[in-house]
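So the structure is just underneath, and the comments pick up after that.
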Amino acid sequence: MERPGPHAVGSYSDAWREEFPSCRSAVHMNHAGISPIPRRVAAAVRTLAEEALLIDDGIYARWEARVHEVRGAFGRLIGARAEEIAFVRNTSEGLSLVANGCDWSPGDNVVLIADEFPANVYPWWGLAGRGVETRLVPRCELRFTVDDIAALVDRRTRVVSVSEVDWQSGFRANLASIGSFCQERGILFCVDGIQSVGALQVDVGAAAIDCLAAGGHKWLLAPEGCGCLFVAARVVEQLRPTALGWKSVTDAGRYLPYHLDLRPDAARFEAGSPAHLGVHALGAALDVLLEVGPRMIEERILATTAKLADGLRRRGATIVSPWGETERSGILNFRLGENAELYSALSRAGIICRKRLGGVRLAPHFYNDDSDVERVLEAVDDYRRRL
Ligand SMILES: Cc1ncc(COP(=O)(O)O)c(C=O)c1O
């Protein structure tokens with residue numbers, strides 16, 4: 001396939017759709033759940049498997065070099081350096097590394113948001129035995145602001161941890177305001193980025209984010225089991241790695257004599273050998289995302305959700321998602337009539353989506369196009385005719 005350049009807005013969609021054979025059978029709008037992988041990712045996995053059949057002498061060095069490239073690619077996507085990226089299995093693991101790595105004292109607290117996905121709650125709850133209190137900021141009409149967070153912060157608050165994009169409603173938090181609030185008070189600012197990175201432009205520097213974790217299987221278009229943890233260089237030394245191994249230390253390839261001088265970069269959180277299959281797959285997915293370009297991806301996703309919202313409203317639907325320009329995301333949640341029936345009608349029509357908050361959650365990616373929007377709206381028309 002001849003690949004379109006990143007600026008070929010008008011005509012590129014069809015060519016990129018070739019990367020997603022899932023388009024032929026269904027309208028995949030569940031990127032907030034689990035995404036189909038592009039052909040290029042499948043090819044990377046096949047190549048690695050073929051190489052592993054032989055493990056020739058040079059292969060390990062090439063795989064290691066690729067691991068470093070993939071760190072850099074994830075870093076580019078979020079405005080960080082390769083040295084600030086560690087590979088993790090998933091978001092939960094990344095957030096747990098942060099939660100368990102902080103130097104807590106009994107009586108400290110962490111501030112979270114109500115109704116978050118449990119991946120950003122249980123790592124913090126797990127600290128109860130160390131005397132750490134978890135505080136939940138209530139939402140107001142699915143939203144929260146930095147002022148709501150400030151109301152629960154006190155001098156014992158050590159961490160604020162939020163999802164940039166809410167898993168059910170798609171509400172996009174104002175990270176920059178929360179980041180500067182935390183920075184001014186010396187509070188560690190941690191972000192669950194799985195519902196935003198890969199879909200929306202994320203800049204860890206601009207939002208003063210200290211740590212961010214994102215699993216690969218949603219908007220990053222990679223298989224499950226590999227994701228990234230960003231740890232800003234300024235806070236690496238503040239976090240104690242909770243798993244140690246031969247790769248945690250400087251000059252790890254020398255093995256002996258033993259020493260426990262921890263690597264100065266985020267890879268100190270990885271402990272041992274990398275999950276090469278997962279990292280290579282994630283690398284191929286990141287290549288696709290970077291070629292299309294984060295700005296264009298965000299524009300296309302927001303344009304698609306806007307078209308869907310428009311068409312749905314004209315058909316009498318209620319948009320559940322907060323829908324202001326700065327608070328909407330790749331997730332569109334709507335209600336129309338009886339939800340279980342609506343969901344079944346969409347499923348029967350080949351629309352892959354999920355039921356959330358008593359509505360239906362649609363989550364299109366950059367390669368979904370107007371024909372997909374039409375198919376969703378036609379399925380809704382069909383459902384309405386039967387009401
Ligand atoms: C906000 C959020 N965080 C995390 C996850 C998944 O966590 P993990 O990557 O640990 O499987 C999801 C999945 O739905 C999610 O919506």
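Each residue takes its place number in the sequence, starting with 1. When a ligand or atom number is given, it counts from 1 through the structure's own listing order.
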Need the ligand 1 atom indices (1-based, order shown) with element for anything under 4.0 Å from a heavy-atom of [X].
X      : value
Ser163 : 1 (C)
Asp192 : 1 (C), 2 (C), 3 (N), 4 (C)
Gln195 : 1 (C), 15 (C), 16 (O)

Inset, instruction - With the side chain counted from C-beta on, respond yes when Leu357 and Phe334 share a heavy-atom pair under 4.5 Å apart, and no when they do not. - result: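 No - every pair of side-chain heavy atoms lies 4.5 Å or more apart.
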Legend entry - Min heavy-atom dist Ile194 to ligand 1 below 4.0 Å: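 In this structure, Ile194 qualifies as a contact of ligand 1 - some heavy atom is under 4.0 Å.
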Inset, instruction - Have a look at ligand 1 and work out which part of Lys218, if any, has a heavy atom under 4.0 Å from it: side chain, backbone, both or neither. - result: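 For Lys218, the contact with ligand 1 is made by the side chain alone.
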Starting from [atom], find the nearest protein heavy-atom neighbour and note its residue, name and distance.
atom                    : answer
atom 9 (O) of ligand 1  : Thr91 OG1, 2.7 Å
atom 10 (O) of ligand 1 : Ser92 OG, 2.5 Å
atom 6 (C) of ligand 1  : Phe117 CE2, 3.6 Å

Inset, instruction - Could you label the plane-to-plane angle of the His276 and Tyr60 rings as parallel, tilted or perpendicular, counting under 30° as parallel and over 60° as perpendicular? - result: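 If you compare the ring of His276 with that of Tyr60, the planes turn out perpendicular.
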Legend entry - Pair Lys307 + Asp372: basic N to acidic O under 4.0 Å: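 The answer is no: the pair does not qualify as a salt bridge.
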Inset, instruction - Please indicate whether any nitrogen or oxygen in Trp167 is less than 3.5 Å from any nitrogen or oxygen in ligand 1. - result: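 So ligand 1 has no N or O lying under 3.5 Å from an N or O of Trp167.
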Legend entry - Heteroatom proximity flag, Glu93 to ligand 1, N/O under 3.5 Å: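 No - when backbone and side-chain N and O of Glu93 are compared with those of ligand 1, no distance drops under 3.5 Å.
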Inset, instruction - Kindly say whether the aromatic ring centers of Trp167 and Phe117 come within a distance under 6.0 Å. - result: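 When the ring centroids of Trp167 and Phe117 are compared, they turn out to be within the sub-6.0 Å range.
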Inset, instruction - Taking all heavy atoms of Val165 and all of Ser196, pick out the closest pair and write down the distance. - result: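 Scanning both residues, the minimum pair turns out to be CG2-CB, 3.8 Å.
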Inset, instruction - Tell me, yes or no, whether the heavy-atom count around Trp246 atom CH2, taken from other residues, nucleotides or ligands under 6.0 Å, exceeds 12. - result: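 Buried by this count: over 12 neighbours within 6.0 Å.
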Legend entry - Cation-aromatic face contact Arg185/Phe181, 6.0 Å, 45 degrees: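 Geometry flag: set, cation within 6.0 Å and 45°.
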